[in-house]
Amino acid sequence: MNQSLPPIAQTLASFEMVEKDRLLEIVATERKPKEIIKAVVGRGLISNQVMCKELSHRFGMPFFDLGVLNKENLPRDLIDFKLVERHFAIPIYKHGKNLFVAMVDPTDKGALDEIMFYTGLEIIPIQVEFNALEKLISDAVEGDAGSSLEEFLGEGEVELDIADGDDNQDNDDVDFDPNDAPIVKYVNKILVDAINRGASDIHIEPFEKELRIRFRIDGILHKITTQPVSFASRIIARIKIISKLDIAERRVPQDGRVKLRVSRTKAFDFRVNTLPTLYGEKVVMRILDSSAANLNLNVLGFTKDQLALYQKVISRPYGMVLITGPTGSGKTVTLYSALSMLNEPTKNISTVEDPVEILLPGITQVNINEKAHLDFADALRAFLRQDPDIIMLGEIRDLETAEIAIKASQTGHMVLSTLHTNDAPSTLTRLMNMGVPAFNVASAVHLIIAQRLVRKLCLNCKKPSELPKNILLEAGFAEADLKGLEIFQPNLEGCGSCTEGYRGRAGVFQVMPLSEQIKTLIMEGCTEQDIELAAAREGTLDLRQSGLIKVKEGITSLEEIERVTNV
């Protein structure tokens, strides 16, 4: 047996539950026992039930069906969620001096030793199924996330480093003590729980009788908990303090930032915005984690032809590429994936954003600073005096910026930027409505990409969907597509590793090059519809057509495509 394999992989191979070659493929990318087991089960190499019963038999551990467990009776006072996360094992029952611990990896003796040391009890390991344990741990963590604020009253400070904060602000006329431990701990907990659940935004919303807290996960808002409205001003004041906002000012919107450092090498930035409402200030916090962004063009969701076209155009020495779509549709990642591919010592690359969301070594990155009168146009002028090869603008917002960007693309520079429009053809109209002459648009813009993000079906629990032929045809499938077509739908109950049957997101794209025919239509002042028809004749897929490809591939559901592209 190859001794370099982790113990659980050695066990699965030695008992011939999984072929050694398949295990070696998995171990090449996954080393943690939990991820190895997850990959083995997820790829269908062995079922949950078979693996669980085999391990139970081989190691002499009792088997337990977590489906009959009353989660309300978990010994929460004996659960250390750091240990749970580290070892993928959780205490489920205490009897006298014995503590029963559910686990899937019987080779993890370290888990038993650490839990015994933490609790001071005798540990009895219980073999359970992987998916069931994953769901139990997820539910337990979620239940902890939605804890009532009263549970924190009287408890000590949470140990968490919030960098760049300022707890020494003038707190006159504000009913909040910056050393109010329960509030400090609860706010920190909100931030950490949002990170753990993969949220992109946190919404803290005061209403007449309650304070509602929601997380946006995979593009959808989910209510996490509600708290008494009496706590609202204290929670919001704490967030404003760590974000360096004026806590005495409640009448106008404010913008700030806070860095949450969770380890020596890992930190998250939160972009904070407050808005005065009828019942107090609403706070929305955007979570920025540049290390989580996968800047690989191959995994964004482009079709093979779309990807080849994008790579071809951005490799040109000059021209303009525009990415369009609503806020939160992944435009920044699409741009930075291109910059990552182009980033090499022979090129001078500069970006200006509001704010910089992804850090990329080797390129010059600039933040907009309105207080210092540094806007997109000013930064772009400065870039042009710094011998640039490639320029990325976070957004084209006005005519001045648009004109400078277009001139830059016409004078030997590759310019990449974004706009907020519904699709690729309407982007051309938007530029001309700003006041950019049609001949400049036609000569400067080489490629427009419209995009949306769709939730991906969970590989562990997605199930076949049987829809009538007429529904599929109305959705946009062709008659020829229906032969042998198998589509899937989410398991709305989830499985512990997903949220309502979805996990993660993928892009759907409309990639429209500006051909000679489309440039002629622009010069002739034709409508968006004319341009859209011309692009379709040339083979450009619209967002719906790209989405249906994802449905046919089993990546997402038809309902999700309807939600995102039903315009």
Side-chain angles (χ1 to χ4, degrees), residues 28-29 265-267 269 288-325 329-368 374 376-396 401-402 404-419 443-451 506-507 509 511-514:
T29 57
T265 59
K266 184 70 172 178
D269 283 318
L288 307 175
D289 178 18
S290 60
S291 64
N294 190 341
L295 303 181
N296 184 342
L297 282 172
N298 295 299
V299 303
L300 296 184
F302 287 105
T303 67
K304 184 178 179 180
D305 291 340
Q306 289 174 337
L307 178 60
L309 182 57
Y310 188 29
Q311 291 175 318
K312 177 182 177 182
V313 173
I314 62 177
S315 298
R316 293 174 181 171
Y318 61 88
M320 178 179 282
V321 174
L322 296 173
I323 315 290
T324 183
S329 60
K331 300 186 296 296
T332 300
V333 172
T334 302
L335 284 175
Y336 266 97
S337 296
L339 294 182
S340 180
M341 187 191 87
L342 299 171
N343 188 17
E344 54 186 50
T346 60
K347 291 185 172 67
N348 179 19
I349 303 176
S350 299
T351 76
V352 56
E353 299 170 78
D354 184 22
V356 172
E357 296 187 17
I358 297 175
L359 303 179
L360 189 59
I363 69 175
T364 301
Q365 296 177 275
V366 176
N367 262 326
I368 288 299
L374 175 64
F376 283 109
D378 293 326
L380 187 49
R381 290 191 190 94
F383 287 167
L384 293 175
R385 296 191 291 270
Q386 297 237 321
D387 185 31
D389 295 299
I390 300 166
I391 296 171
M392 194 274 272
L393 296 172
E395 183 182 353
I396 294 178
T401 305
I404 300 172
I406 283 177
K407 288 178 181 176
S409 69
Q410 293 171 329
T411 55
H413 309 94
M414 172 55 67
V415 178
L416 298 90
S417 188
T418 72
L419 276 173
S443 64
V445 180
H446 289 186
L447 184 73
I448 301 174
I449 299 175
Q451 72 175 81
F509 301 90
V511 181
M512 187 183 82
L514 267 67

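Since this is a predicted model, take the numbers as computed values, not measurements.
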Distance check, rounded to the nearest 0.5 Å: [X] atom [atom1] versus [Y] atom [atom2]?
X: Leu393; Y: Leu335; atom1: CG; atom2: CG; result: 9.5 Å
X: Asp389; Y: Met414; atom1: CG; atom2: CE; result: 11.0 Å
X: Asp354; Y: Glu395; atom1: CG; atom2: CD; result: 8.5 Å
X: Phe509; Y: Thr334; atom1: CZ; atom2: OG1; result: 4.5 Å
X: Ile314; Y: Met341; atom1: CD1; atom2: CE; result: 3.5 Å
X: Leu416; Y: Ile391; atom1: CG; atom2: CD1; result: 10.0 Å

Of the non-hydrogen atoms in [X] and [Y], which two are nearest, and what is the gap between them?
X: Leu360; Y: Ile363; answer: O-CG1, 3.2 Å
X: His413; Y: Pro388; answer: CD2-O, 3.0 Å
X: Leu380; Y: Ala405; answer: CD2-N, 3.4 Å
X: Gln365; Y: Leu359; answer: OE1-CA, 3.7 Å
X: Ala379; Y: Val352; answer: CB-CG2, 3.6 Å

Under the 3.5 angstrom rule, does the side chain of [X] hit a backbone N or O of [Y] as a donor-acceptor pair?
X: Asn367; Y: Val356; answer: yes
X: Ser337; Y: Val333; answer: yes
X: Gln306; Y: Gly301; answer: no
X: Glu357; Y: Leu288; answer: no
X: Gln451; Y: Gly330; answer: yes
X: Thr418; Y: Ile323; answer: no
X: Ser409; Y: Val415; answer: no

Listed pairs under 3.5 Å, donor-acceptor, residues 342-351 side chains, sequence neighbours left out:
from   : atom 1 : to     : atom 2 : distance (Å)
Asn343 : ND2    : Pro361 : O      : 2.8
Glu344 : OE2    : Thr346 : OG1    : 2.7
Glu344 : OE2    : Lys347 : NZ     : 3.3
Asn348 : ND2    : Gln386 : O      : 2.8
Asn348 : ND2    : Asp387 : O      : 2.8

Not counting sequence neighbours, list each pair that qualifies as a salt bridge (charged side-chain N to carboxylate O under 4.0 Å, His left out) and has a residue in residues 298-312.
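Counting only pairs at least two positions apart or across chains, no salt bridge (charged side-chain N to carboxylate O under 4.0 Å, His left out) contact touches residues 298-312.
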Kindly determine whether Tyr310 and Leu300 satisfy side-chain contact (heavy atoms from CB on, under 4.5 Å), including the steps that lead there.
CA-CA 12 Å; Tyr310 188 29; Leu300 296 184; 5.6 Å; no
With a 4.5 Å heavy-atom cut-off, do Leu322 and Ile396 have their side chains touching?
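In short, these two side chains touch, coming nearer than 4.5 Å.
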Relative to each other, are the rings of Tyr318 and His446 parallel, tilted or perpendicular (30° and 60° limits)?
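Perpendicular: the ring planes of Tyr318 and His446 meet at over 60°.
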May I have the step-by-step check of side-chain contact (heavy atoms from CB on, under 4.5 Å) for Glu353 and Ile358, ending in yes or no?
CA-CA 10 Å; Glu353 299 170 78; Ile358 297 175; over 6 Å; no
Which residues satisfy the side-chain contact (heavy atoms from CB on, under 4.5 Å) test with Ala377, sequence neighbours excluded?
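With neighbours one apart ignored, the set is Asp375, Arg381, Glu400, Thr401, Ile404.
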List the steps and the verdict of side-chain contact (heavy atoms from CB on, under 4.5 Å) for Thr332 and Tyr336.
CA-CA 6 Å; Thr332 300; Tyr336 266 97; 3.6 Å; yes
